[in-house]
*Asks:* 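Attaching a single structure in structure tokens format; questions to follow.
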Number of protein chains: 2
Amino acid sequence: MKPTLQDVADAVGVSRSTVSNAYSRPDQLSAALRTKILDAARRLGYPGPNPTARSLRRGVVGAIGVLFTSQLSYAFTDPFAVRFLTGVSEAAERHGTNLLLVPLPAERARVRAVIDNAAVDGFCVYCVGDEDWALAAIRDRGLPYVTTAPRPDAGPADRYVGIDERAAARSVADHVAALGHRRVALLGDTVLPDAPGGPLRLAAPADAPHPTTSGRLTGFAEAFAAVGVGWSAITVLNATGNSRAAGAAAVTAALTGDQPPTAVLACSDVLALGALDALAEAGPRLAHSVSVTGFDDIAEAATAGLTTVRQPAEEKGRLAAALLLEPPADPADGHVLLPTDLVVRTSTGPVTRS
Amino acid sequence: MKPTLQDVADAVGVSRSTVSNAYSRPDQLSAALRTKILDAARRLGYPGPNPTARSLRRGVVGAIGVLFTSQLSYAFTDPFAVRFLTGVSEAAERHGTNLLLVPLPAERARVRAVIDNAAVDGFCVYCVGDEDWALAAIRDRGLPYVTTAPRPDAGPADRYVGIDERAAARSVADHVAALGHRRVALLGDTVLPDAPGGPLRLAAPADAPHPTTSGRLTGFAEAFAAVGVGWSAITVLNATGNSRAAGAAAVTAALTGDQPPTAVLACSDVLALGALDALAEAGPRLAHSVSVTGFDDIAEAATAGLTTVRQPAEEKGRLAAALLLEPPADPADGHVLLPTDLVVRTSTGPVTRS
DNA sequence: TTGAAAGCGCTACCAA
DNA sequence: TTGGTAGCGCTTTCAA
């Protein structure tokens, strides 16, 4: 068997407490005794205090959980999520805390079990729209958490690091509207649960259940309302996932009519890239005349010349982790809205008469 | 205080064992009693068995550690590392295991402490060349581990998922040699520890301490030896990190002479992209005449038209995790060498007379 | 400066 | 089907 602290104590002829002190509180014993103990430990092959036992006793784990409310493996394929994670890992690294990546199962019933089984001191929840069950489980466990968006059901003590989705969306949409576009389509991921890809009837922007999506749609809508384009004149396109392929499919479905939109405003860069794919596929006429905008400003956006809204991804992760690891004294400081910037590139241009 | 299993037992009037069974071994009690217990638990706000206590008792944690032998936050910026991690997470997800990301400190002295403190059942070690200390600590803890390369000091029981670095490197180098290139430069990350960026004197390929680098350099060298170009006629370029900027800097330093290389063979795609940057910067003459090859076949390689060696990144991660989670009955099956493919694109061409 | 005692919260054995 | 007992390996009072 692997040696335990007790074995070391026996070997040296001291008590367990003293061996424990040798590791955790060096000032509690003489340097000579400490050296003797550490030497004996090395000789016996004792690897130092068992982390699990230490956690149990201390009541602290030394790890925070990162919860992606989607396939964990998917999270790594999403550039924005990866950048967020980079920020989280920087903060964790600086704090000497480990990161537990928790894959959330698709079946609701198992969510609770997964969260209850995670040995962590708290959670960073990367919200993609399906986090309610997970948050309920976290609250029930009594663990602290930070989300990447203000939650509709948030109390004053809830912490989050988000952006002003509505204002950010409005900034791109204002730009598009100023270019003269009036026949526009808005492209979002899972605008309504279980809806098929393509055009979708949505009574109002606020009807999209996911707050991020509804916030962005609201901002888009405001900008067009300001130039006289009502909600009912706007096409909403649903993508069945935040992927290039899903974005392309949704847009392709909207291109069949005789009055295709002159601009597509997407809720993410990944979807926007898919929109560009669909337009390229549809032929040079549309590819050159339809404006497309994204959201996030991932690396590929620059390459593709995509007009988009930049949000500080790494910073979001860094702050989220910091908020979790070092709770602010004033709860009000637990609500952070990061600034965003409109980045105008070549994917948007004046509307062309046709 | 948060309720414990004992509190639930008291509330229902049964023993702790019974409550424990209600959670972990439903077949050990009547459905009626189980329901009663679970209801009481819900009423009291008992979140289910404490994961740490359960781990201590069971002797199993339910998480595997992923060790990047570099800044953890760096790992997320490296496309190959991210794809590896994707594979690991897929396997972990399927197995219901959590992933603990362990940031490895730069100071050697703290490596041991970090590893000793990680509550995991084993480690996937993503090798980038500085893993010896970490592996020693893992072995001392008696935990199983899998590496991403065969280790020179590996015993028969050691598990790894790698590629035949020498043969893979030889395949690109043969391609370059067949195109007529004889004045070539090899570009690697930290070929010798603490060496400055730029040309480097290396007595033999095997002198590079990192096995991956020395394996690739050896394969490159073999190909050129076969066409009469000896090691001493080959330039070795050192990059001070696996980044585009470091690759560019190293190549720029090699372009100053009057006899610049006609081909640059890099040990990674990221470095190769840096080489292309440097050549573009140096002007159209060099940019069009110098061939460049990479290694890994990351997504950007296709966009950049980079000739490279493809290795199955996700598969590497998936297998590494699988090898850790379900050790093969026959230790020989613990040594996996994945196939690689030469991918010829536009970054290589026949040598042009100058 | 050192040691004895008392758990942290849980599970697994075995007996009833 | 249920409960009693005995720890898992450690830290932390507190008293010597």
Side-chain angles (χ1 to χ4, degrees), chain A residues 1-38 40-41 44-62 113 116-121 140-143, chain B residues 1-38 40-41 44-62 113 116-121 140-143:
Chain A
M1 263 321 284
K2 238 178 300 181
T4 70
L5 186 145
Q6 175 77 70
D7 297 324
V8 178
D10 291 347
V12 181
V14 294
S15 78
R16 284 175 351 205
S17 335
T18 306
V19 178
S20 175
N21 283 335
Y23 283 96
S24 312
R25 317 169 81 181
D27 52 314
Q28 296 294 298
L29 34 51
S30 65
L33 179 56
R34 184 170 128 91
T35 308
K36 196 171 151 192
I37 291 174
L38 263 27
L44 294 173
Y46 174 66
N50 175 313
T52 305
R54 168 176 279 180
S55 294
L56 176 59
R57 178 60 233 239
R58 296 224 252 232
V60 170
V61 178
D116 286 343
N117 275 317
V120 296
D121 298 318
D140 287 351
R141 241 188 97 175
L143 289 178
Chain B
M1 263 320 285
K2 238 177 300 181
T4 70
L5 186 145
Q6 176 77 69
D7 297 323
V8 179
D10 291 347
V12 182
V14 295
S15 78
R16 287 180 340 211
S17 332
T18 305
V19 178
S20 174
N21 282 336
Y23 283 97
S24 312
R25 316 170 81 181
D27 52 314
Q28 296 295 299
L29 35 51
S30 63
L33 180 55
R34 184 171 128 90
T35 307
K36 196 172 151 193
I37 290 174
L38 263 28
L44 294 173
Y46 174 66
N50 174 314
T52 305
R54 168 178 279 179
S55 293
L56 176 60
R57 180 58 235 238
R58 292 205 186 153
V60 169
V61 177
D116 286 344
N117 276 318
V120 296
D121 298 318
D140 287 352
R141 241 187 99 175
L143 288 178

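Sequence lines set the chain letters: A, B, ... in the order given, protein chains first and strands last, and positions in each chain run from 1. Predicted model, so just to flag it, every value in this text is computed and none were measured.
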*Asks:* Atom CG of B/Asn21 and atom P of D/dG3: how far apart are they, to the nearest Å?
*Replies:*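 Those two atoms, CG and P, are 10 Å apart.
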
*Asks:* To the nearest 0.5 Å, how far apart are CG in A/Asn117 and CZ in A/Arg141?
*Replies:* 8.0 Å

*Asks:* Can you see if the side chain of B/Thr4 gets near the phosphate of C/dG9 - specifically, an N or O under 4.0 Å from OP1 or OP2?
*Replies:* no

*Asks:* Should B/Thr18 be listed as having a side-chain N or O under 4.0 Å from OP1 or OP2 of D/dG3?
*Replies:* yes

*Asks:* Quick one: pull up CG in A/Asp140 and OH in B/Tyr46 and give me the separation to the nearest 0.5 Å.
*Replies:*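 That separation rounds to 13.5 Å.
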
*Asks:* To the nearest Å, give me how far apart CZ (B/Arg57) and P (D/dT5) are.
*Replies:*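 Taking atom P of D/dT5 as the reference, CZ of B/Arg57 is at 16 Å.
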
*Asks:* Could you state the atom-to-atom distance from CZ of B/Arg58 to P of D/dA6 in whole Å?
*Replies:*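 So the CZ-P distance, B/Arg58 to D/dA6, works out to 22 Å.
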
*Asks:* Is it true that A/Arg34 and A/Asn21 share a donor-acceptor pair across their side chains at a distance under 3.5 Å?
*Replies:*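 Absent: no donor and acceptor within the cut-off.
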
*Asks:* State which of D/dG9, D/dT13, D/dT11 makes the closest approach to the side chain of A/Arg25.
*Replies:* D/dT13

*Asks:* How many Å lie between OH on B/Tyr23 and P on C/dT11, as a whole number?
*Replies:*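 Taking OH of B/Tyr23 and P of C/dT11, I get 10 Å after rounding.
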
*Asks:* Using 0.5 Å steps for rounding, measure from the CD atom of A/Gln6 to the OG atom of A/Ser20.
*Replies:*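 One finds 12.0 Å between CD of A/Gln6 and OG of A/Ser20.
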
*Asks:* Nearest whole Å is fine: how far is C/dT1 P from A/Arg34 CZ?
*Replies:*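 Going from CZ in A/Arg34 over to P in C/dT1 covers 13 Å.
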
*Asks:* Which of these nucleotides, D/dG3, D/dT11, C/dT2, is closest to any side-chain atom of A/Gln28?
*Replies:* C/dT2

*Asks:* If you compare every side-chain N and O of A/Arg54 against the phosphate oxygens of D/dT11 (OP1, OP2), does one of them come in below 4.0 Å?
*Replies:*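 Yes, such a contact exists.
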
*Asks:* Have a look at A/Leu56 and say if it touches a base, only the backbone sugar-phosphate, or nothing, with a 4.0 Å heavy-atom cut-off.
*Replies:* base

*Asks:* Kindly point out which of D/dT2, C/dT11, D/dG9 is positioned nearest to the side chain of B/Leu5?
*Replies:*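 Side chain of B/Leu5 sits closest to C/dT11.
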
*Asks:* Is any side-chain heavy atom of B/Val19 closer than 4.5 Å to one of B/Val14?
*Replies:*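 SC-SC contact between B/Val14 and B/Val19 confirmed.
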
*Asks:* Let me know the distance between NZ of B/Lys2 and C1' of C/dC10, rounded to the nearest Å.
*Replies:* 15 Å

*Asks:* Whole angstroms only, please: what is the CD-P distance between A/Gln6 and D/dC8?
*Replies:*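 Going from CD in A/Gln6 over to P in D/dC8 covers 10 Å.
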
*Asks:* Name the residue closer to the 5' end of DNA chain C, choosing between B/Thr52 and B/Ser17 according to the nucleotide with the nearest heavy atom.
*Replies:*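 Nearer the 5' end of the strand: B/Thr52.
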
*Asks:* Whether A/Tyr46 contacts D/dC10 is assessed here as follows: a side-chain N or O lying under 4.0 Å from the phosphate OP1 or OP2. Is that the case?
*Replies:*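 Checking D/dC10 against A/Tyr46, a side-chain N or O does come within under 4.0 Å of OP1 or OP2.
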
*Asks:* For the side chain of A/Leu29, starting at C-beta, report the closest nucleotide among C/dT2, C/dG7, D/dT1.
*Replies:*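 My answer, after comparing the listed nucleotides, is C/dT2.
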
*Asks:* With a non-hydrogen cut-off below 4.0 angstrom, is B/Ser24 in contact with a base, only sugar-phosphate, or nothing?
*Replies:*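 Sugar-phosphate, backbone atoms only, no base.
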
*Asks:* Quick one: A/Asp27 CG to C/dT1 P, roughly how many Å, whole number?
*Replies:* 9 Å

